[in-house]
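Data block below; observations after.
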Amino acid sequence: MSSLQVLCSGLPLRPLPENRGRRAGVPHAPVRTPGLSPAEEQLALRNALRYFPPDVQELLAPEFAQELRLYGHIYMYRFCPDIKMRAYPIEQYPCRTRAAAAIMHMIMNNLDPAVAQFPQELVTYGGNGQVFSNWAQFWLTMSYLSQMTEEQTLVMYSGHPLGLFPSSPGAPRLVITNGMVIPNYSSRTEYEKLFAMGVTMYGQMTAGSYCYIGPQGIVHGTVLTVLNAGRWYLGVKDLAGKVFVTSGLGGMSGAQAKAAVIVGCIGVIAEVDKAALMKRHQQGWLMEVTDSLDHCIERLREARKRKEVLSLGYHGNVVDLWERLVHELDTTGELLVDLGSDQTSCHNPFNGGYYPVQLGFAEAQSLMASDPAAFKSLVQESLRRQVSAINRLAKENFFFWDYGNAFLLEAQRAGADVEKKGANKTEFRYPSYVQHIMGDIFSQGFGPFRWVCTSGDPQDLAVTDQLATSVLEEAIADGVNPAVKLQYVDNIRWIREAARHRLVVGSQARILYSDQKGRVAIAVAFNQAIARGKIKAPVVLSRDHHDVSGTDSPFRETSNIYDGSAFCADMAVQNFVGDAFRGATWVALHNGGGVGWGEVINGGFGLVLDGTQEAEQKARMMLSWDVSNGVARRCWSGNQKAYEIICQTMQDNKGLVVTLPQEVADERMLQQALQL
C-alpha cells in the first residue's frame with residue numbers, strides 16, 4: 001500500500017508497479033470507439049509513452065496499445081495507485097504550501113471510489129467527466145504540487161501538467177484549461193479522436209477543476225428545483241403525495257432520490273445500471289429498490305394514497321416506466337405522476353450516457369462497442385418513444401422540464417416531437433429548468449456556492465453550518481426584499497435538513513445557494529473562525545460551474561437570455577480571467593459540461609481561506625466579482641430582477657459602475673425603421 005509521501009514522489013518507475021489491469025468489482029467506463037486511423041493510433045501511443053524514459057517504453061508500448069484497442073483510450077491501469085483514495089486531512093500532505101495541500105485534498109476526493117463514477121478511468125461523474133486523461137498525469141501533478149512554492153503556478157493543459165512556472169504570491173497557484181479546442185474542430189467526432197490521442201479532455205464541470213463534492217453538490221439545486229416546480233406548476237407549497245418521476249442514479253443524478261425525501265414528495269427514479277442503483281441504496285440516498293414494474297406502480301399508488309415520503313429506485317429503463325404510466329392513464333383514467341424530468345447523461349448519448357429501451361444493460365454495452373451506428377439508431381428510437389409517452393401525460397395535469405442534460409436537444413436531433421411553434425433556437429415544447437424554475441434565482445445572484453473543510457473533521461463542517469445559518473438569519477433581521485428573503489429562508493431550511501440527512505459523501509463539504517452578499521459574509525465569518533481556532537484547518541471555497549456567472553450554455557444556464565447573446569461565451573471567459581487576478585487560489589476554464597462537448601463554455605475556482613487578513617481581502621474582492629459579473633450580464637440582456645439587484649449592488653459598492661440598458665418599448669418605431 002502506497003503512502004502519501006510515495007504518491008508525491010513522482011512516477012513510480014524503478015521498479016515499475018505490477019500491472020493488475022482493470023479491477024473486478026469496480027464500475028468501469030464504457031468502451032470508447034474513437035475510430036482512429038493506423039497513423040492516429042501510432043500517435044496516441046507515442047503521446048502516452050513520452051511520459052516515460054526510453055528504458056521502460058519497450059515494456060509499456062504493447063500494454064498501452066492493448067488498452068487503446070480494448071477500451072478506446074490509454075488509461076495506464078498499471079499506474080493506478082495502490083492507496084486508499086480519499087480526501088486526507090490537509091496536514092498529512094507533504095507540501096510546501098497550504099494551497100497545494102488543499103488542491104491535493106480536492107483531487108483525491110474527486111477520485112475516491114465512494115465519490116467517483118468510474119474511479120479507475122479517472123471519471124468523477126457524467127459518464128465522461130475526467131479528472132485526468134491517464135494515471136501518469138495524476139502522479140506528475142501530485143509531485144509538482146508537493147514541490148510548489150508561493151512563487152510558482154502549476155499549469156494544466158487538459159489533464160496534462162505542463163509544469164511549474166514562476167509567478168507572484170498573489171497569483172493563482174494553479175491554472176486549468178480543459179477541452180480548449182479551436183471552435184471549427186469542436187465536434188463530438190473530433191473530440192473522441194483527440195481524447196484517444198491524449199491531447200484534450202472533457203472535464204465536465206467540477207471533475208476537471210477538482211471541485212466536485214459528491215452527489216450533495218446537486219442536491220440543494222434539485223431541492224430548490226422541485227420545490228419551485230411545485231410552486232410554479234402545481235401552485236402548492238406542500239408536495240406531500242405528489243409524484244416526481246425521473247431517471248439516473250449516477251454521479252450527479254444520484255442526488256434526485258435524496259432531494260425528493262427532503263422536499264417531502266414521492267420520487268421514482270429509474271436506473272439501468274444496478275451497481276449505480278445499489279451504491280445509492282447502500283449509501284442511504286435511496287429508500288427502496290425494485291426491479292418489478294408492477295411492484296413499482298403498486299408502491300407508487302400506495303405512497304400517493306398515504307402521502308408517504310418515499311424515494312423508490314426502479315432498476316430498469318425509464319422509457320418502460322413512462323410508457324407504463326401512460327398505460328395506467330389510458331386504462332384506468334388515473335394520472336399517477338405530477339412532475340417529471342430526466343437526468344440521464346444525454347450530453348453523451350451514444351457512449352453510455354443514455355441506454356436504449358430495446359436492450360438490456362450488458363447487451364447495450366456490447367453493441368455500443370461493436371456497432372456504434374446501430375447503437376445510435378436504437379438510442380434515437382428510444383428517445384422518440386420517451387418523448388411520445390411524456391407528451392401523452394402532459395395533456396393532463398402533469399408538468400415536465402428539461403434538467404439541462406441535453407435531453408430535449410438530443411430528442412430533437414432524434415426527430416422527437418419537442419418543437420415549440422414560434423420559439424427561438426434555445427426553446428422547446430418543455431422549458432429548461434433555468435428558463436422557468438431557476439432562472440430568476442440566477443438573476444438575483446443566487447447560485448451553488450460551496451465549501452470544503454480540509455481538516456476532514458465533521459465537527460468543522462458543523463461549525464460552518466452554524467456560522468452560515470447565523471449569517472443568513474442576521475441578513476433577514478437587517479431587512480431584505482421579499483424575493484431574497486424567500487431564498488434565504490429556503491437556504492436556512494436546507495442547511496438544517498442537510499445536516500439531518502447526512503449528505504456528506506467524501507470530503508466534509510456543504511453546498512448552499514447564496515447570493516453575493518451572503519457568499520462574502522459567510523466567507524468572512526469562516527475566515528475569522530479559522531483565525532480564532534474555532535475551525536481547525538483551512539476551508540476551500542468553490543462553486544459549481546453551473547452558476548450565475550460561471551457558464552455560457554444556451555440550452556441551460558443562459559437559456560433565459562433572449563437578446564441574441566445566449567450563444568456567446570464572453571461571460572464565462574471574463575469570469576475565469578477576473579477570478580484569477582482577484583485572488584482565486586486556482587481557476588479553471590472548460591469546453592463542455594452539462595449539455596456536452598461544443599455546447600458550452602464554463603469555468604470555476606477554488607479559494608483557500610486560512611485565517612489571514614489577506615485571505616479575507618481576496619474573498620471579498622473575488623466573490624463579489626464572481627457573482628456581479630453574471631448579474632450585470634443578465635441586467636444588460638433585459639432581465640428586470642437582475643436590473644434591480646445590480647442597481648442595489650452599485651449603491652452598496654461605489655467602485656462598481658455598470659452600463660444599464662435603456663428601455664426600447666416602441667415596437668412600431670422598430671418596424672417603421674426596418675421598413676425604410
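All residue numbers refer to positions in the sequence shown, counting from 1.
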Inset, instruction - Just do the side-chain contact (heavy atoms from CB on, under 4.5 Å) check on Tyr210 and Leu174 with the steps written out, would you? - result: CA-CA 11 Å; Tyr210 319 147; Leu174 172 67; 3.7 Å; yes
Inset, instruction - Please tell me if the side chains of Tyr77 and Tyr71 come closer than 4.5 Å, counting only heavy atoms from C-beta onward. - result: yes
Inset, instruction - Using distance alone, with no hydrogens and no angle criterion, decide if Asn351 and Asn128 have a side-chain donor and acceptor under 3.5 Å apart. - result: no
Legend entry - Under the ring pair (Phe, Tyr, Trp, His ring centres under 6.0 Å) test, residues paired with His160 that sit two or more places apart: Tyr51
Legend entry - Qualifying salt bridge (Lys or Arg N to Asp or Glu O under 4.0 Å) pairs, either residue in residues 116-134, two or more places apart: Arg22-Glu121
Legend entry - Donor-acceptor contact present, side-chain Asn109 to main-chain Tyr212, <3.5 Å: yes
Inset, instruction - Take atom NZ of Lys534 as the centre, draw a 6.0 Å sphere, and report whether it contains more than 12 heavy atoms from other residues, nucleotides or ligands. - result: no
Legend entry - Any Val289 side-chain heavy atom under 4.5 Å of His315 side chain: no
Inset, instruction - Determine the interplanar angle of the Phe442 and His546 rings, folded into 0 to 90°, and report it as parallel if under 30°, tilted if 30 to 60°, perpendicular if over 60°. - result: perpendicular
Legend entry - Exercise: identify the closest heavy-atom pair between Ala270 and Leu321: CB-CD2, 4.3 Å
Legend entry - Heavy-atom donor-acceptor pair, Asn527 side chain to Ile530 backbone, under 3.5 Å: no
Legend entry - Nearest atoms (heavy-atom pairs only) where Leu286 meets Gly313: CD1-N, 3.6 Å
Inset, instruction - Let me see the working for Glu473 and Arg496 under salt bridge (Lys or Arg N to Asp or Glu O under 4.0 Å), right down to the final yes or no. - result: CA-CA 13 Å; Glu473 288 173 339; Arg496 289 172 178 159; 2.9 Å; yes
Legend entry - Test item: side-chain donor near acceptor, Gln256 and Thr246, under 3.5 Å: yes
Inset, instruction - Would you check if Val600 and His590 make a side-chain contact, meaning some heavy-atom pair closer than 4.5 Å? - result: no
Legend entry - CA sep, side-chain torsions, deciding dist, call: Asp544, Arg450, side-chain contact (heavy atoms from CB on, under 4.5 Å): CA-CA 8 Å; Asp544 196 343; Arg450 55 180 59 167; 3.6 Å; yes
Inset, instruction - Mind jotting down which residue pairs meet the salt bridge (Lys or Arg N to Asp or Glu O under 4.0 Å) criterion with at least one end in residues 217-229? Sequence neighbours excluded, please. - result: none
Legend entry - Pair His105-Ser507, side-chain donor/acceptor within less than 3.5 Å: no
Legend entry - Neighbour count above 12 (heavy atom, 6.0 Å) for Lys618 NZ: yes
Legend entry - Main-chain N/O of Gly606 paired to Ser542 side chain as donor or acceptor, under 3.5 Å: no
Inset, instruction - For Asn110 and Ala207, indicate whether the former's side chain and the latter's backbone hold a donor-acceptor pair under 3.5 Å. - result: yes
Inset, instruction - Taking the side chain as every heavy atom from C-beta outward, state whether Asp490 and Val223 have any atom pair closer than 4.5 Å. - result: no
Legend entry - Criterion salt bridge (Lys or Arg N to Asp or Glu O under 4.0 Å) on Lys258 and Glu497, from CA distance to verdict: CA-CA 11 Å; Lys258 184 66 79 173; Glu497 290 288 328; over 6 Å; no
Inset, instruction - Could you check Val627, Asp626, Leu623 and say which one makes a side chain to side chain contact (heavy atoms under 4.5 Å, CB included) with Phe449? - result: Leu623
Legend entry - Pairing of Asp465 and Arg500 as salt bridge, 4.0 angstrom limit: no
Inset, instruction - Any chance you could measure Ile103, atom CD1, to Met108, atom CE, to the nearest 0.5 Å? - result: 14.5 Å
Legend entry - Check: Gln516 side chain, Gly445 main-chain N or O, donor-acceptor pair, under 3.5 Å: no
Legend entry - Note: Glu308-Arg299 ion pair, threshold 4.0 Å (strictly below): yes
Inset, instruction - Decide if the gap between the ring center of His347 and the ring center of Tyr202 is smaller than 6.0 angstrom. - result: yes
Inset, instruction - Say whether Ser455 and Asp460, considering side chains only, have a donor N or O and an acceptor N or O under 3.5 Å apart. - result: yes
Legend entry - Trp135 ring center within less than 6.0 Å of Tyr75 ring center: no
Inset, instruction - Applying side-chain contact (heavy atoms from CB on, under 4.5 Å), run through Leu467 and Phe526 and close with a yes or a no. - result: CA-CA 7 Å; Leu467 289 169; Phe526 288 176; 3.9 Å; yes
Inset, instruction - For the pair Tyr191 and Trp597, name the ring-plane relationship: parallel under 30°, tilted 30 to 60°, perpendicular over 60°. - result: tilted
Inset, instruction - Write down the atom of Ala537, the atom of Ile90, and the distance for their closest heavy-atom approach. - result: CB-CG2, 4.0 Å
Legend entry - Residue pair Tyr157, Met201: steps toward the side-chain contact (heavy atoms from CB on, under 4.5 Å) verdict: CA-CA 9 Å; Tyr157 280 14; Met201 188 181 87; over 6 Å; no
Legend entry - Any donor-acceptor N or O pair under 3.5 Å, side chains Thr464, Trp451: yes
Legend entry - Considering all heavy atoms, the nearest Ala99-Val608 contact: CA-CG2, 4.3 Å
Inset, instruction - Go through the side-chain N and O atoms of Asp342 and Ser247 and say whether any donor and acceptor fall under 3.5 Å apart. - result: yes
Inset, instruction - Please confirm whether the backbone N or O of Gly550 pairs with a side-chain atom of His545, one donor and one acceptor, at under 3.5 Å? - result: no
Legend entry - CZ (Arg502) with more than 12 external heavy atoms under 6.0 Å: no
Legend entry - Validation row: Pro94, Leu4 side chains within 4.5 angstrom (heavy atoms): yes
Legend entry - Distance-minimising heavy-atom pair for Val595 and Glu599: CG2-CB, 3.5 Å
Inset, instruction - Without swapping roles, check the side chain of Gln283 against the backbone of Ala114 for a donor-acceptor pair under 3.5 Å. - result: yes
Inset, instruction - Identify the residue among Tyr488, Trp494, Tyr513 that makes a ring pair (Phe, Tyr, Trp, His ring centres under 6.0 Å) with Phe446. - result: Tyr488
Legend entry - Flag side-chain contact, heavy atom, 4.5 Å: Leu312 against Thr290: yes
Inset, instruction - Indicate yes or no for a side-chain donor-acceptor contact from Ser470 to the backbone of Gln466 under 3.5 Å, with no hydrogens or angles considered. - result: yes
Legend entry - Where Arg86 and Pro89 come nearest, the two heavy atoms and their spacing: NH1-CD, 4.2 Å
Legend entry - Short side-chain to backbone donor-acceptor contact, Asn629 and Met571, under 3.5 Å: yes
Legend entry - No-hydrogen, no-angle side-chain donor-acceptor test under 3.5 Å, Asn178 and Asn591: no
Inset, instruction - Find out whether Glu410 and Tyr354 are in side-chain contact, i.e. whether some heavy atom of one side chain is under 4.5 Å from a heavy atom of the other. - result: no
Inset, instruction - Report yes if the distance between the aromatic ring centroids of Tyr355 and Phe361 is under 6.0 Å, otherwise no. - result: yes
Legend entry - Donor-acceptor contact present, side-chain Tyr314 to main-chain Val272, <3.5 Å: no
